[in-house]
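Report on the structure given below.
Read the numbers this way: they start at 1 and go in the same order the structure lists the ligands and their atoms.
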Amino acid sequence: MKPIYFDHAATTPPRPEVIEAMLPYYREKWGNPSSLHAPGREAAEARDGARKQVADLLGALPEEIVFTSGGTEADNQALVGAAIAQEKKGNHIITSAVEHHAVLHTAQFLERHGLKVTYLPVDSGGLVDPEDLRKAITDKTILVSIMHANNEIGTIHPIAEIGAICREREVLFHTDAVQTVGHLPVSVRQMNIDVLSLSAHKFYGPKGVGALFVRKGVRIAPLIRGGGHERGRRSSTENVPGIVGLGEACRLAAEEMDWEMKHNAELRDRLIEGVLERVPDSILTGHPTQRLPNNASFCARYIEGESMLLSLGFEQIYVSSGSACTSGSLEASHVLLAIGLPHDVAHGSVRVSVGRGNTVEEVDRFLDVFPSIVERLRAMSPISGGRPASDFEGMPDFHDHEEAHQ
Ligand SMILES: *Cc1c(COP(=O)(O)O)cnc(C)c1O
C-alpha cells in the first residue's frame, strides 16, 4: 500500500515546478549575484524576481523582504535585531506561551541577557486575549511577537487586532507566520504587521530558505555581518537556487490558495469528525473554528503519542506527536500544557496535518486503522482505565461549532 504523508506542518514535499525552477541555478546559472559581470547579473535578476514574488504574496514592497536561511533564522533576527536596535528605547518584550521554540528560546536567551519578557497565557482553545496584551504593554515595551498560527494545534491568533493594538501603542509587532504564509491570505498592511517570518519548506518550497519582512522605516540590527548583502541586513552570498524556489512556491501558492484551503479543510473536518466519533476518550486540541485548514490534532487518554506514532508508522502512515522538534524528548509539549491539559493527557497527542496531495481515501484509511491502534495500545497500557473524565472539562467542544469552520 502507498505510504500516507500526514505531517505537512513539519515539512511539505517540494513541488515539481519548484524543483524545475531551481535546477538552472545549480546547473548553468550559478553566478554570484554580487559579481558585476553577466553571470552575476543573471543571478541577481533571478534573486530580485523572487523577491518581488515573495513581496506580492504578502502585499509588501520588494525592498521590505530580507532572505534568510529559514524560519528559525528569521525569528532570531526579528527578536534579537529588534532588541538591539531599540536598546535605548526599552528592554521589555511581550510574546506568548505557545510560540515555536525559534521564538521562545530566543526570548529566553534575551531574558538571560537582561531583557524582561512577558509570556502571555492562552485559553483552552490556544488563543491569546488581546486585552491581556493591552494590559502588558508598558513604556519600556519594544517588541510584541505573537505567532499567526500555532504549528502544533493549528490555532489562528487575531493578528490584525493584535497589530492594531501595537500600532496604537507605537510598539513594534512581529509575527511568526511560518504556518500561514502560502496557506492563508496574509496581508502585512491590512494586518498591521511590522515584521514577519516565513519559511519556504512549509509551503512546498525548498528547505534552508525563508524570509523576514521588515516594514519600510523599521530598524532591525543585523545578526549576520559581513559583505553587506541584503542592504546590510543579512550578509553572505545568497542561496540563489533556494531563493528562486521560494519565489516559485509563493507564485504557485497565490494561484492555488483558494482551492487548497477548501481541499485541506474538507480532509481536516473528515478527520476530526471521524476520530472524535470512533475513538473514545479523545479530544480535539486547539480551537474548534479558528484553526489552520490543514491541522487536525488530538489527545487520546491513557496512551503515549509516541506509541501511536510508531504504530501508525508500521502502517506507513506518517504523523507527528507534539511538534517534530519536541518529539525527540519526553517532555510534554509546552503548547498542550499552556492550553491547560494535564501532563498525562498531553503525552497522548497526535498531530495530523494534511496537504494538497492527500485524498479522502487516505483519510478513510487512517480512520480505519487509528481506532484499533488506540484500542490495542490501551489494552497494553498500565495507565489505562479507572480515571475520571473530568480532565477534559472546560475544553472546547468541536461539535458545538460544526457549522462555523473556516
Ligand atoms: C517550522 C517552523 C519554524 C522554523 O522554520 P524553519 O524554516 O524550519 O527553520 C518556525 N516557526 C514555526 C511556527 C514553524 O512551524
Qualifying residues under side-chain hydrogen bond (donor to acceptor under 3.5 Å, both in side chains), relative to K140, sequence neighbours excluded: none
Could an N or O of ligand 1 be found under 3.5 Å from any N or O of [X], whether backbone or side chain?
X    : result
T72  : yes
N151 : no
G71  : yes

Residue and atom name of the nearest protein heavy atom (relative to [atom]), distance in Å to one decimal:
atom                    : result
atom 3 (C) of ligand 1  : H100 NE2, 3.5 Å
atom 11 (N) of ligand 1 : D176 OD2, 2.7 Å
atom 7 (O) of ligand 1  : S199 OG, 2.6 Å

Go through the steps to decide whether T118 and H92 satisfy the test side-chain hydrogen bond (donor to acceptor under 3.5 Å, both in side chains), and finish with yes or no. CA-CA 8 Å; T118 302; H92 178 227; 2.7 Å; yes
Give me the atom names and distance for the closest heavy-atom approach of H8 to N294. CB-ND2, 4.2 Å
Pick one of side chain, backbone, both or neither for how H201 approaches ligand 1, counting any non-hydrogen atom pair under 4.0 Å. side chain
Is ligand 1 under 4.0 Å from a heavy atom in the side chain of D75, in the backbone, in both, or in neither?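 The part of D75 near ligand 1 is the side chain, not the backbone.
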Go through ligand 1 atom by atom and flag the ones less than 4.0 Å from a non-hydrogen atom of G70. 7 (O)
Parallel, tilted or perpendicular: which one describes the rings of H343 and H347, with boundaries at 30° and 60°? tilted
Answer yes when R15 and E248 have at least one side-chain N-carboxylate O distance shorter than 4.0 Å, and no when they do not. no
Is it true that, when you exclude E28 itself, more than 12 heavy atoms of the residues, nucleotides or ligands shown sit nearer than 6.0 Å to its CD? yes
Could you give the side-chain donor-acceptor pairs of residues 46-54 under 3.5 Å, partners two or more places apart or in another chain?
unit_1	atom_1	unit_2	atom_2	d
R47	NH1	E238	OE2	2.7
R51	NH1	I65	O	2.8
R51	NH1	E230	OE1	2.9
R51	NH2	E230	OE2	2.9
K52	NZ	D56	OD1	3.3
K52	NZ	D56	OD2	2.9

If you take the nearest heavy atom of each of H101, Q179, K202, H148, which one is closest to atom 2 (C) of ligand 1?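 Shortest heavy-atom distance from atom 2 (C) of ligand 1: K202.
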